[in-house]
Amino acid sequence: MFTSEKGLVEEWLSEFKTLPETSLPNYATNLKDKSSLVSSLYKVIQEPQSELLEPVCHQLFEFYRSGEEQLLRFTLQFLPELIWCYLSVSTSRNVHSSGCIEALLLGVYNLEIVDKQGHSKVLSFTIPSLSKPSVYHEPSSIGSMALTESALSQHGLSKVVYSGPHPQREMLTAQNRFEVLTFLLLCYNAALTYMPSVSLQSLCQICSRICVCGYPRQHVRKYKGISSRIPVSSGFMVQMLTGIYFAFYNGEWDLAQKALDDIIYRAQLELYPEPLLVANAIKASLPHGAMKSSKEGTRCIQVEITPTSSRISRNAVTSMSIRGHRWKRHEVIVVANTSVR
């Protein structure tokens with residue numbers, strides 16, 4: 001790490017401590033444009049022995065619990081890199097060098113599982129029905145749906161899936177590690193539209209590394225550093241795929257393609273059905289060529305909407321059909337007059 005980068009981080013650390021609370025919104029707005037600072041912070045996180053790592057983790061946690069939305073997102077952008085650093089260090093059993101990173105991850109987790117009143121959150125998700133149109137599909141494109149007695153009895157009913165409440169954690173262990181990390185990735189994915197390109201790149205790269213380290217593909221990818229296998233859970237891999245799917249359509253096609261292939265590779269080795277199902281569905285839905293997506297502007301996942309022209313009746317009255325009908329009627333009258341004469 002260069003002296004100029006170190007000085008930049010130290011200045012950032014001291015600036016926030018002397019900042020009055022009234023200046024917090026303006027400070028948060030200007031912070032996202034400091035790309036050199038973000039680059040320097042990534043280098044600090046990637047060096048477990050750095051003397052700046054502990055104060056940086058402490059300040060990132062202060063950002064997260066400040067209540068300022070943009071400061072919260074500033075911390076979230078480093079989450080993939082923090083997860084990778086924690087997993088790589090914990091795999092090497094050098095627990096002491098990952099203490100501040102573990103504390104930051106636990107702090108973010110414990111803040112996210114409760115609401116502002118301190119009550120446990122319960123997340124809910126309504127499973128969409130194929131019989132009702134959405135931005136992803138049209139029922140008419142699926143085929144005829146016979147209204148059987150069973151279908152009629154379930155008409156209007158929707159299935160809701162709940163997640164939570166999640167327990168507070170005081171430390172990360174082998175038993176609860178991926179329960180916490182999976183939830184943290186869920187929080188990261190909820191803010192994907194606000195994540196800068198450098199964060200999406202980090203996400204794709206750490207997904208590849210986590211999946212291939214310790215396996216023969218690591219030599220193909222030419223990843224150096226740790227050579228131990230990093231355990232992963234099925235749910236954690238599904239959350240990785242959510243972020244990678246977003247990265248495909250937001251300027252990171254090549255990195256996302258590599259990460260997707262590596263996740264499929266690892267899921268096949270682990271025999272995990274859920275990530276295999278999601279990964280193959282993403283792969284099947286991708287266009288044949290790389291997407292030319294701008295890295296600036298609105299971020300979204302692009303989907304193809306089924307044309308609704310099939311809904312229009314063949315006998316529907318349009319301006320063209322009215323005009324044609326008038327011409328036909330005029331021709332009949334002309335022919336009739338000619339025959340009378």
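Side-chain atoms of Ser50 never come within 3.5 Å of backbone atoms of Val44 as a donor-acceptor pair (strictly under, hydrogens ignored). Using modelled atom types, no side-chain atom of Asn176 and backbone atom of Arg169 make a donor-acceptor pair closer than 3.5 Å. Here the side chain of Lys121 pairs no donor or acceptor atom with the backbone of Pro165 at under 3.5 angstrom. Asn189 places no side-chain N or O within donor-acceptor distance of the main-chain N or O of Met240, the cut-off being under 3.5 Å. Remark: side-chain polar atoms of Gln218 are paired, donor with acceptor, to backbone N or O of Gly214 under 3.5 angstrom. Ser202 places no side-chain N or O within donor-acceptor distance of the main-chain N or O of Val198, the cut-off being under 3.5 Å. With Ser39 contributing its side chain and Ser35 its backbone, the two residues share no donor-acceptor pair below 3.5 Å. A donor-acceptor pair is defined here as one N or O able to donate and one able to accept, closer than 3.5 Å; such a pair exists between the side chain of Ser66 and the backbone of Phe63. A donor-acceptor pair under 3.5 Å is absent between the side-chain atoms of Ser23 and the main chain of Leu19, judged by distance alone. In this structure, Asp115 contributes its side chain and Gly118 its backbone to a donor-acceptor pair below 3.5 Å.
The closest side-chain heavy-atom distance from Leu31 to Val38 is not below 4.5 Å. Using a 4.5 Å heavy-atom cutoff, the side chains of Trp253 and Leu286 are in contact. Using a 4.5 Å cut-off on side-chain heavy atoms (C-beta onward), Leu123 and Tyr162 make no contact. Using a 4.5 Å cut-off on side-chain heavy atoms (C-beta onward), Val56 and Trp12 make contact. Using a 4.5 Å heavy-atom threshold, the side chains of Leu76 and Tyr194 count as separate. In this structure, the side chains of Leu184 and Val180 come closer than 4.5 Å at one or more pairs of heavy atoms. Between Gln168 and Val114, the closest side-chain pair of non-hydrogen atoms falls below 4.5 Å. Looking at heavy atoms from C-beta onward, Ser285 lies in side-chain contact with Tyr245 at the 4.5 angstrom threshold.
Closest approach of Val108 to Phe61, counting heavy atoms only: N-CE1, 4.2 Å. The minimum heavy-atom distance linking Leu200 with Leu192 is given by the pair CD2-CD2, 3.9 Å. When every heavy atom of Pro80 is checked against every heavy atom of Leu203, the shortest pair comes out as CB-CA, 3.9 Å. Across Ser234 and Tyr272, no two heavy atoms sit closer than the pair N-CE1, 3.9 Å. Nearest heavy atom pair, residue Trp84 against residue Cys213, reads CH2-SG, 3.9 Å. What you find for Cys211 and Ile263 is that their closest heavy atoms are SG-CG1, 3.7 Å.
Side-chain polar atoms of Gln239 and Thr182 form no donor-acceptor pair below 3.5 angstrom. Using modelled atom types and a 3.5 Å distance limit, the side chains of Ser199 and Tyr188 yield a donor-acceptor pair.
Rounding to the nearest 0.5 Å gives a distance of 6.5 Å between CE of Met195 and CD of Gln77. Expressed to the nearest 0.5 Å, how far CD of Glu21 lies from CD of Glu68 amounts to 10.0 Å. Here Cys207 contributes atom SG and Leu185 contributes atom CG; the two are 7.0 Å apart, rounded to the nearest 0.5 Å. Atom CD of Glu62 sits about 10.0 Å away from atom OG1 of Thr75, to the nearest 0.5 Å. If you take CG on Leu60 and CZ on Phe78, they are separated by 6.0 Å, rounding to the nearest 0.5 Å. To the nearest 0.5 Å, atom CG of residue Leu106 and atom CD of residue Glu170 are 9.5 Å apart.
Heavy atoms of other residues, nucleotides or ligands lying less than 6.0 angstrom from NE2 of His58 number 12 at most. By the 6.0 Å contact criterion, CD on Glu15 is enclosed, its count of non-hydrogen atoms from other residues, nucleotides or ligands being greater than 12. At most 12 heavy atoms of other shown residues, nucleotides or ligands fall within 6.0 angstrom of atom CD in Glu54.
No chain of hydrophobic side-chain contacts below 4.5 Å, direct or via other Ile, Leu, Val, Met, Phe, Trp or Tyr residues, connects Leu277 to Val232. Hydrophobic clustering, with ILVMFWY side chains joined whenever heavy atoms are under 4.5 angstrom apart, keeps Tyr265 apart from Met237. Put simply, Leu255 and Leu260 are part of two different groups of oily side chains (I, L, V, M, F, W, Y) that touch within less than 4.5 Å, one to the next. Clustering ILVMFWY residues whenever any of their side-chain heavy atoms sit less than 4.5 angstrom apart, transitively, puts Val212 in a cluster other than the one holding Val238. Note on Tyr223 and Ile83: separate hydrophobic clusters, where clusters join Ile, Leu, Val, Met, Phe, Trp and Tyr whose side-chain heavy atoms are under 4.5 Å apart, directly or indirectly.
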Point to revise | Full working for side chain to side chain contact (heavy atoms under 4.5 Å, CB included) between Arg217 and Asp261 | key: CA-CA 11 Å; Arg217 183 171 281 203; Asp261 292 339; 4.0 Å; yes

Practice item. Evaluate the side chain to side chain contact (heavy atoms under 4.5 Å, CB included) criterion for residues Gln205 and Glu81: first the C-alpha distance (whole Å), next the side-chain angles of each, then the deciding distance (0.1 Å), finally the verdict. Key: CA-CA 9 Å; Gln205 290 166 354; Glu81 197 69 38; 5.6 Å; no

Point to revise | Check against side chain to side chain contact (heavy atoms under 4.5 Å, CB included), Ile282 and Ile244 | key: CA-CA 10 Å; Ile282 291 174; Ile244 288 169; over 6 Å; no

Review point. What's the verdict on salt bridge (charged side-chain N to carboxylate O under 4.0 Å, His left out) for Glu47 and Lys43, showing C-alpha distance, side-chain angles and the deciding distance?
Key: CA-CA 6 Å; Glu47 296 179 11; Lys43 290 185 179 180; over 6 Å; no

Review point. Does the pair Ile101 and Leu104 meet the rule for a side chain to side chain contact (heavy atoms under 4.5 Å, CB included), with working shown?
Key: CA-CA 5 Å; Ile101 294 179; Leu104 174 57; 5.7 Å; no

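Classification of Arg209 and Asp262 as a salt-bridged pair fails, no side-chain N sitting under 4.0 Å from a carboxylate O. Salt-bridge check for Glu102 with Arg177: failed, with every basic side-chain N at 4.0 Å or more from each acidic carboxylate O.
In this structure, Tyr64 has its ring center at least 6.0 angstrom away from the ring center of Phe74.
Under the 30°/60° scheme for interplanar angles, the aromatic rings of His166 and Phe183 are found to be tilted.
Cation-pi geometry between Arg266 and Tyr215 is not met: the NZ or CZ atom fails to fall both under 6.0 Å from the ring centre and inside 45° of the normal.
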